[in-house]
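Report on the structure given below.
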Amino acid sequence: MARQKFTREEALAFHLEPTPGKWEVQATVPMATQRDLSLAYSPGVAVPCEEIARDPELAYDYTNKGNLVAVISNGTAVLGLGNLGALGGKPVMEGKSVLFKRFADVNSIDIELDTEDPDAFCQAVKLMGPTFGGINLEDIKAPECFIIEQRLKEEMDIPVFHDDQHGTAVICAAGLINALHLSGKKIEDVKIVLNGAGAAGIACIELLKSMGARHDNCICCDTKGVIYQGRTEGMNQWKSAHAVKTELRTLEEAMVDADVFLGVSVKGAVTQDMVKSMADKPVIFAMANPDPEITPEEAQEVRPDAIVATGRSDYPNQVNNVLGFPYLFRGALDIHARAINDEMKIACAEALAALAREDVPDEVAVAYGKALTFGRDYIIPTPFDPRLIYTIPPAVAKAGMDTGAARRPIVDMDGYDQSLKQRLDPTASILQGITSRARQAQARMIFAEGDDPRVLRAAVMYQRGGFGQALVVGREQDVADKLEAAGLGDAIREIEVVNARNSRYLETYKELLYTRNQRTGMDRQDVHRLAARDRHVFGALMLAHGHGDGLVTGATRKSAHVLRLVNHVFDADAAHGAAGVTAVVLNGRIVLIADTLVHEWPDENDLANIAERAAGVARHLGLEPRVAFVSFSTFGYPVSERADKMHRAPDVLDARGVDFEYEGEMTVDVALNARAREAYPFQRLTGSANILVVPARHSSSISVKLLQEMGGATVIGPILSGIDQSIQICSTNSTANDILNMAVLAACKVG
């Protein structure tokens, strides 16, 4: 898989637009009227204040404490960049906060403390304790991180977790459970070598020892070599706890006959000769970032029997902390835990290991573009497995309850599982799946409007994002100048610019165009002008001749006009069954609205065609289609001839015998609201509709734009469906990111 690249400008723009930073605060209660304000603040707020003062445990009921984690750092060990200071580390802490929300629906706020004094740091965090349900420490250098975490765990009555230590340890342990299972070895018998005795390394070895690894079988190394009993150079109390009685002095000596290597050190620390010297079926976790101690290719070249994991997403078996910390805190918060203890961490590791041994659901396989089955290249679940949210937290919660860490044990575990499933944001996994599939496809994407800076930025993002080759239709010098102006001058060497006027295929293209259009009043001069001067038509001709795998256009012209131009090359009209399907993403829900592009005023047969097109798009996105034909009426009332076609459309699908759910006509609230549907027990939908087929294009346009402007919905599309090539048409107000999204859809051949 191609490595993803981005420029400094892109990274800065991501953090700047649409507003500075990565998260904001939104109220969860009404704040519109005077009564709302009186309840939210004075005088109504006095009532829960008095209740909490009487019983502090009620803070979990009347405030957001029970679902709020602080990500706290002083910026002394930011990523691999060193001591950037509290403010320099803030973007990382903001990022960690949004990961909590994205993966486990945990609210999180980042706090940067401007001190390197452990006492001052601990005092500040301790004083903030009443605010939060848990504390996630981040990017604090060793050995201060050990001191700070230990002291805060002793002095606070909420979970304190240093993810750089224990997050890495938990995922490492999960992978090792499965690697040893595949190797036929037991943790109490294996010889383990650790290289890198910092925060993460020591946490890894401590957790493995608590799981049964024997002290004398664990050899720890740092930059000075083996940590042995009696060593004085470069030692501290945390390293000393793992010193062993041995004659070994170097990493190279320690690796001889080792069963397991754990690396949290630096690129290149392990050689092929070291790997050769290891025991049969060695396990190598080379977790240095961004480059491992040894690459999987290098290790398996000399030891084909090795199981290798790294910290990298472009290799199998990624040791990724996001598999652990969101779900650890989710489980801990839900039992109002006093701490996250070793038993909870081990439960998390064991649950992750067990999940990797289960059959992988289709949506995960689709997302990654390949079948994933338990084995040497799949010993750790993928971060986008939707089962994580309802598999890991219950295991953590149960361990917390069994060990007395829970203030409020969960009584109904089945109900808890269901509540966790409802926290899953389906849209995030769908969008991630599309992205992953596009990277697997490596499609040559035609960007027809190379004279527009937004399109050029999108093309560069497509190329550097590892999706495939970007083909830009435009004049070479013009494209180069516009890229230079956008700060992307070096990208001209990466993308491929195709100039219509000097294309060696122009005559071939014109012949096809003339053959298709000679009986529509078009002569050869008209054909020449279209093929040589209109980029939408030229891009479509490239696609028709297999000189690209997908086409993105429409950013500079109205979609109806672009569709007419594309129709000169393809049958992309209502008569041939084409349809436009727009995905609307809002509040963790995704609804497809159709037709938003092609049909002006469809009849019942057209509506049935549109439903089938939309169902195909839904399945491409990983959704099981549930179609509602929506109107201002529900099942014939109020009576109106304008709603009659919506009433007849399901009959057309009945006759066709389609293989998806559909119902109508009905109002939007009946389609989307389970309680509203209870009034119609005869209706056939098993859940809320995820496809709304609307009466006309004008109503769909109004609906989508209203949701976008008033509701803040994310709008993807319209997705052009029902033609035999992958073409997506952007809107004229698209951003570069919107255009990239359409290119990704085209690469996946959605529609």
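Predicted model only: the values in this text are computed from it and were never measured.
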Taking NZ, NE, NH1 and NH2 as the nitrogens, is one of them in [X] or [Y] under 4.0 Å from a carboxylate oxygen of the other?
X      : Y      : answer
Arg697 : Glu600 : yes
Arg619 : Glu624 : yes
Asp654 : Arg684 : yes

Expected output: side-chain [X] to main-chain [Y] donor-acceptor under 3.5 Å:
X      : Y      : value
Glu661 : Thr686 : yes
Arg516 : Asn567 : yes
Gln708 : Ala713 : no
Glu496 : Leu471 : no
Asn517 : Thr520 : no
Thr553 : His536 : no
Arg444 : Ala470 : no

**Candidate list Asp595, Ile593, Val668, test side-chain contact (heavy atoms from CB on, under 4.5 Å), partner Val694, passing option** = Ile593
Would you say [Y] and [X] are linked by a side-chain donor-acceptor pair, where the criterion is simply a distance under 3.5 Å?
X      : Y      : answer
Thr596 : Ser700 : no
Thr382 : Asp385 : no
Lys749 : His620 : no
Ser734 : Ser731 : yes
Asn609 : Arg656 : yes
Thr667 : Asp669 : yes
Gln318 : Thr310 : no
Glu297 : Tyr315 : yes

**Prompt:** Are side-chain heavy atoms of Leu745 and Ile434 found at a separation under 4.5 Å?
**Reply:** yes
**Prompt:** Between Phe103 and Phe384, how do the two ring planes meet: parallel, tilted or perpendicular, split at 30° and 60°?
**Reply:** tilted
**Request:** Just say parallel, tilted or perpendicular for the rings of Phe660 and Tyr662, cut-offs at 30° and 60°.
**Result:** perpendicular
**Asked** Mind checking whether Tyr509 and His528 have ring centres under 6.0 Å apart?
**Response** no
**Message:** Between His547 and Tyr505 (judged by ring centroids, cut-off 6.0 Å), do the two rings come close enough to count as a pair?
**Reply:** yes
**Item:** side-chain contact (heavy atoms from CB on, under 4.5 Å) evaluation trace for Leu672 with Arg589
**Value:** CA-CA 10 Å; Leu672 299 181; Arg589 296 178 72 175; 3.8 Å; yes
